[in-house]
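Shown next, in structure tokens, is the structure this report addresses.
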Amino acid sequence: MKKRKWKILVVIGCILLMISAGLIFGLSDVVVKSGKRQTLEEAFAWQSDHYDTSFYEKTKKMTYEVEGEGGYTLHAELLVNPEPSTKYIILSHGHTDNRMGSLKYVPIYFRQGYNCVIYDLRGHGENKPDITTYGIREAADLNCMIEDTRKRYPELTMLGLHGESLGAGTTITCLKYNPQVDFAVSDCAFADIENVLRGITKKSHYPSFAVNLADIGTRLRYGYSLKKMRPIDSLAENRIPVLFIHGEEDDFILPENAKRMAGETRGMCRLVIVPGAKHAESVLKDPVGYEEAVDAFLKEL
């Protein structure tokens, strides 16, 4: 009888262990694999519905590949400024988007005299599927993009970075490499991914410990901890000028994230909070004010 009870307890224990493992790994996949990645066509269609993309077809462009971190292939595209220029900027898009998501910012930088390099972040666009590490590997890839841009365009005299959401978190994280860039523009970046995830669980009425379980899963399964996905940690020694832009009504990545990072960097810093703008909507909500903010920042450099 005792042996039977012991066997039952072992079976129950095994079942609970399997359920726990399934939950932990499932939650980790929700975090690092969630969201359907858009195709280039889908992203371009969305951009065209919300912004004027008529310039794109008329723009001289060139697509190419760049070797990212660990030999990972990144698909990139150069959009040549209508006026000859030796200034370049690399634009990084948001989560589930692709390089077409950066088109809405291109006219601003064209008017500022920049050639624009847009590319697909790891696991997005034309790149091979991969997990999202919220800045860790993405920033290493961006650093590769910076090095490639300097080699590919030797006439370059000025190089900047611009990122939106995940791309902004990537841009800020990349500053830890002390890259050879002249400035960075961060639009609605997260200071750390944990505060974003805890905000999501709270709004969805899920227990907050789900984030801790997801962290365990990402560490065990992929070797990355959510607690290390902190762009803000790249700013303590940063001297590169940064313009932080954030929508006042952003309830996904709260504007406090931009305020925290603006207070952390040691370099020249400007912070612009756009009234009435939700997540990644600042340039849509106030296109004139957005461009004026970028123009004023660049004139200060």
Side-chain angles (χ1 to χ4, degrees), residues 22-51 53 56 63 65-66 68-69 72-77 91-106 118-139 141-142 145 162-171 173 187-190 193-206 210-211 213-215 217-218 221-222 224 226 229 231 247 250-254 277-284:
L23 179 61
I24 289 172
F25 292 138
L27 286 171
S28 70
D29 278 357
V30 166
V31 174
V32 301
K33 291 185 176 180
S34 64
K36 177 184 177 296
R37 272 49 168 174
Q38 297 183 72
T39 64
L40 295 185
E41 293 75 21
E42 289 170 339
F44 184 78
W46 191 93
Q47 293 292 314
S48 299
D49 286 342
H50 295 80
Y51 306 94
T53 58
Y56 182 70
T63 58
E65 296 179 354
V66 175
E69 176 71 6
Y72 184 86
T73 300
L74 301 165
H75 288 80
E77 187 171 350
L91 298 102
S92 303
H93 61 80
H95 189 229
T96 74
D97 210 339
N98 52 56
R99 63 183 186 265
M100 295 294 108
S102 297
L103 291 182
K104 54 183 169 289
Y105 302 107
V106 170
I118 59 178
Y119 72 105
D120 298 329
L121 270 70
R122 180 177 290 259
H124 293 73
E126 292 185 304
N127 297 336
K128 289 183 178 179
D130 204 348
I131 63 170
T132 299
T133 57
Y134 297 97
I136 296 178
R137 288 195 294 177
E138 292 82 0
D141 288 337
L142 178 54
M145 286 291 305
H162 180 114
E164 175 191 275
S165 194
L166 171 61
T170 296
T171 296
T173 304
D187 187 327
C188 62
F190 49 91
I193 198 59
E194 241 191 312
N195 87 88
V196 178
L197 295 175
R198 293 194 185 281
I200 293 172
T201 56
K202 185 177 181 179
K203 285 193 297 183
S204 303
H205 304 292
Y206 292 123
V211 178
L213 294 178
D215 179 52
T218 55
R221 195 167 192 173
Y222 302 109
Y224 295 94
L226 300 180
M229 300 174 187
D250 191 339
D251 59 358
F252 181 62
I253 298 176
L254 302 180
K278 294 184 178 180
H279 186 62
E281 284 187 356
S282 293
V283 72
L284 178 63

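This is a predicted model, so every value here is computed, not measured.
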With a 3.5 Å distance limit and no angle check, can you tell me whether [X] reaches the backbone of [Y] through a side-chain donor-acceptor pair?
X: D250; Y: A277; answer: no
X: H124; Y: T96; answer: yes
X: D97; Y: Q38; answer: no
X: Y72; Y: G123; answer: yes
X: T218; Y: Y224; answer: yes
X: E138; Y: R122; answer: no
X: H93; Y: L121; answer: yes

[atom1] of [X] to [atom2] of [Y]: how many Å apart, nearest 0.5 Å?
X: T39; Y: N98; atom1: OG1; atom2: CG; answer: 7.0 Å
X: D120; Y: T73; atom1: CG; atom2: OG1; answer: 12.0 Å
X: L103; Y: T53; atom1: CG; atom2: OG1; answer: 7.0 Å
X: D187; Y: Y105; atom1: CG; atom2: OH; answer: 4.0 Å
X: I136; Y: E69; atom1: CD1; atom2: CD; answer: 11.5 Å
X: L91; Y: E77; atom1: CG; atom2: CD; answer: 11.5 Å

Compare every heavy atom of [Y] with every heavy atom of [X], then report the nearest pair and how far apart it is.
X: I118; Y: M100; answer: CD1-CE, 4.3 Å
X: S28; Y: Y222; answer: OG-CE1, 4.2 Å
X: S34; Y: V31; answer: OG-O, 3.9 Å
X: L166; Y: G135; answer: CD1-N, 4.4 Å
X: A168; Y: C188; answer: CB-C, 4.5 Å
X: L142; Y: T171; answer: CD2-CA, 3.8 Å

I'd like to check the salt bridge (charged side-chain N to carboxylate O under 4.0 Å, His left out) partners of [X]; sequence neighbours left out, ordered by chain and number.
X: R37; result: none
X: K203; result: none
X: E42; result: K36
X: E126; result: R99

Exercise. Apply ring-ring contact (aromatic ring centres under 6.0 Å, His included) to H279 and list each qualifying residue two or more places apart in sequence or on a separate chain.
Key: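 Result, ring-ring contact (aromatic ring centres under 6.0 Å, His included) vs H279: F252.
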Exercise. Report the residues that fulfil ring-ring contact (aromatic ring centres under 6.0 Å, His included) with Y56, sequence neighbours left out, ordered by chain and then residue number.
Key: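 Y56 satisfies ring-ring contact (aromatic ring centres under 6.0 Å, His included) with F44 once adjacent residues are dropped.
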Self-check item: Intermediate values then yes/no, side chain to side chain donor-acceptor pair (under 3.5 Å), E164 and S102
Solution: CA-CA 8 Å; E164 175 191 275; S102 297; over 6 Å; no
Quiz item: In a check of side chain to side chain contact (heavy atoms under 4.5 Å, CB included) between D215 and each of L226, L197, I24, I193, which one passes?
Solution: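 Among the candidates, only L226 passes.
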Exercise. Would you sort out whether T173 and M229 count as a side-chain contact (heavy atoms from CB on, under 4.5 Å), showing the intermediate values?
Key: CA-CA 9 Å; T173 304; M229 300 174 187; over 6 Å; no
Quiz item: According to the interplanar angle, ranging from 0 to 90°, do the rings of F190 and Y134 count as parallel (below 30°), tilted (30 to 60°) or perpendicular (above 60°)?
Solution: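 Judged by the thresholds at 30° and 60°, the geometry between F190 and Y134 is perpendicular.
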